[in-house]
Amino acid sequence: MKILVIGGSYFFGRVFVMQTAKEHDIMVVNRGTYSMEALGVRQTVGDRHEPSLWQNIREDFDVVVDFCAYEKGDIRLFLDNFGGKIRQYILISTVDVYERVQGEAKSENQPLEHRAFPGEAGAYIAGKVALEQELAAACSEKNISYTILRPAILYGPFNYAPRESVYIRYMVQQGLLPHIVDAAGSFQFVYVKDAAEAVKRCLLNENAYNQAYNLCQDGTTDYHQFYQYLSAAADSEVKEVPLTCLEAQQQGIPLPFPVEESETLCYSNEKSKAELGLVYTDMEAGMAKTFRAFQGVYGN
């Protein structure tokens, strides 16, 4: 199978490429921040917003997997200028596209957010909602099948975003685990290798055509459970340091997950389990694997 990956050098995309490169012919198109050729794939460097980049790629591909569409128009620009043909377009979106109301776990048929929110988070949500709509319309016009994947909070090896890796670094380098004591929010994770497996199971899968899937763990996690998983993963004694949210902010310790109960939203993974056959990694096992991966990085 020939696969065109847009993005793919950072975290989720990188893990997907690592898990797939030996099975398929992959070309990665990105800005070239990290070399991907050592993984056994071809790499073309360029800015996705330049039409000439796509006009100069005249190969046909079975599937496009787009990890870095963020702005309205990103998909249209690609499809209107791409020099080859494709059969399926897989867009990596986010569970944040759903209308932000508390209640039952949101399934894939729930309404998408239509309101505008301030800041980077608001722009991110608005961009992903617009891109999902753009994908459906553009693929319908061009007779291309599409699949939308909506991961929850991704974690795992290669995640250098200031989330679990920051806490693991404190544990490995200082023997300390900051513990936020007044955070009341809950949230859902998805292990990055599970998300990559979901992409693989969608490749030219006719049952996944023109469908969307939530990718998330069973149930939710809160800050206290998050620290329990990290503590259980450590192979030496770690001292927990109680901190309030305010004290953590004053010390530059990130609060990467919802801290208020009112921010808690949850999502259903039943469709992805039933239709894609996904089995989600247990949080304790996934965080242990993540800890060991970063222990090797921060322990040197």
Side-chain angles (χ1 to χ4, degrees), residues 3 5-8 10-20 63-70 88-100 104-113 124-125 127-129 131-132 135-136 145-159 161 163-164 186-205 207-221 226 229 256-258 264-287 289-290:
I3 303 171
V5 172
I6 307 176
Y10 179 79
F11 193 33
F12 183 8
R14 188 177 189 86
V15 172
F16 168 74
V17 170
M18 291 173 67
Q19 292 190 181
T20 315
V63 185
V64 170
V65 185
D66 193 341
F67 288 94
C68 68
Y70 298 114
Q88 182 189 18
Y89 197 124
I90 298 178
L91 172 67
I92 307 304
S93 185
T94 172
V95 292
D96 289 330
V97 295
Y98 293 109
E99 194 171 31
R100 302 182 75 76
E104 294 183 0
K106 293 173 177 58
S107 59
E108 289 80 355
N109 59 0
Q110 297 294 110
L112 303 188
E113 187 57 77
Y124 176 75
I125 293 169
K128 288 295 189 181
V129 171
L131 285 164
E132 287 198 15
L135 177 71
S145 299
Y146 69 87
T147 305
I148 298 169
L149 297 178
R150 298 170 178 158
I153 300 171
L154 286 154
Y155 77 100
F158 299 101
N159 185 15
R163 295 201 285 264
E164 73 276 4
S186 297
F187 32 88
Q188 276 174 293
F189 286 111
V190 58
Y191 188 51
V192 67
K193 292 186 178 181
D194 295 343
E197 179 63 25
V199 180
K200 291 173 63 177
R201 294 188 181 209
C202 289
L203 298 172
L204 295 187
N205 178 353
N207 293 326
Y209 286 176
N210 305 333
Q211 298 293 321
Y213 297 96
N214 296 337
L215 306 179
C216 55
Q217 69 177 91
D218 298 324
T220 60
T221 298
F226 171 64
Y229 294 137
F257 317 119
T264 297
L265 299 170
C266 55
Y267 310 92
S268 170
N269 62 15
E270 291 303 317
K271 184 178 179 181
S272 65
K273 292 196 291 187
E275 296 186 10
L276 301 179
L278 286 179
V279 177
Y280 288 94
T281 300
D282 173 81
M283 274 296 301
E284 185 171 355
M287 203 59 74
K289 294 176 183 178
T290 303

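The shown structure was predicted, so the numbers you read here are calculated from the model rather than taken from an experiment. We use all heavy atoms of the structure for the numbers below, so side chains are in, but hydrogens, waters and symmetry mates are not.
- In this structure, the side chain of D66 does not engage the main chain of Y89 through any donor-acceptor pair within 3.5 Å.
- Between E275 and N207, the side chains place no donor N or O within less than 3.5 Å of an acceptor N or O (distance only, hydrogens not considered).
- Between Q110 and E99, the closest side-chain pair of non-hydrogen atoms is not below 4.5 Å.
- A donor-acceptor pair is defined here as one N or O able to donate and one able to accept, closer than 3.5 Å; such a pair exists between the side chain of E164 and the backbone of G156.
- Listed by chain and number, the residues in a side-chain contact (heavy atoms from CB on, under 4.5 Å) with Y70 are C68, Y124, K128 (sequence neighbours excluded).
- In this view, T264 and Q102, S186 satisfy the side-chain contact (heavy atoms from CB on, under 4.5 Å) rule, not counting sequence neighbours.
- At most 12 heavy atoms of other shown residues, nucleotides or ligands fall within 6.0 angstrom of atom CD in E284.
- Heavy atoms of other residues, nucleotides or ligands lying less than 6.0 angstrom from NZ of K271 number more than 12.
- For F189 and F257, the ring centers sit closer than 6.0 Å to each other.
- Closest non-hydrogen pair, L276 versus A198, comes out as CD1-O, 4.4 Å.
- Between Y209 and Y146, the distance separating the two ring centers is not shorter than 6.0 angstrom.
- Across every non-hydrogen atom of D194 and T281, the tightest pair is OD2-N, 2.7 Å.
- To the nearest 0.5 Å, atoms OG1 (T290) and CG (N159) are separated by 8.5 Å.
- With R201 contributing its side chain and G277 its backbone, the two residues share a donor-acceptor pair below 3.5 Å.
- Between the CD1 atom of I90 and the CG atom of L204 there is a distance of 8.0 Å, given to the nearest 0.5 Å.
- We find the CG-CD1 distance between L91 and I148 to be 6.0 Å, quoted to the nearest 0.5 Å.
- Nearest heavy-atom pair, I6 versus V64, reported as atom, atom and distance to 0.1 Å: CD1-CG1, 3.8 Å.
- Between the side chains of S107 and E270, no donor-acceptor pair of N or O atoms lies under 3.5 Å.
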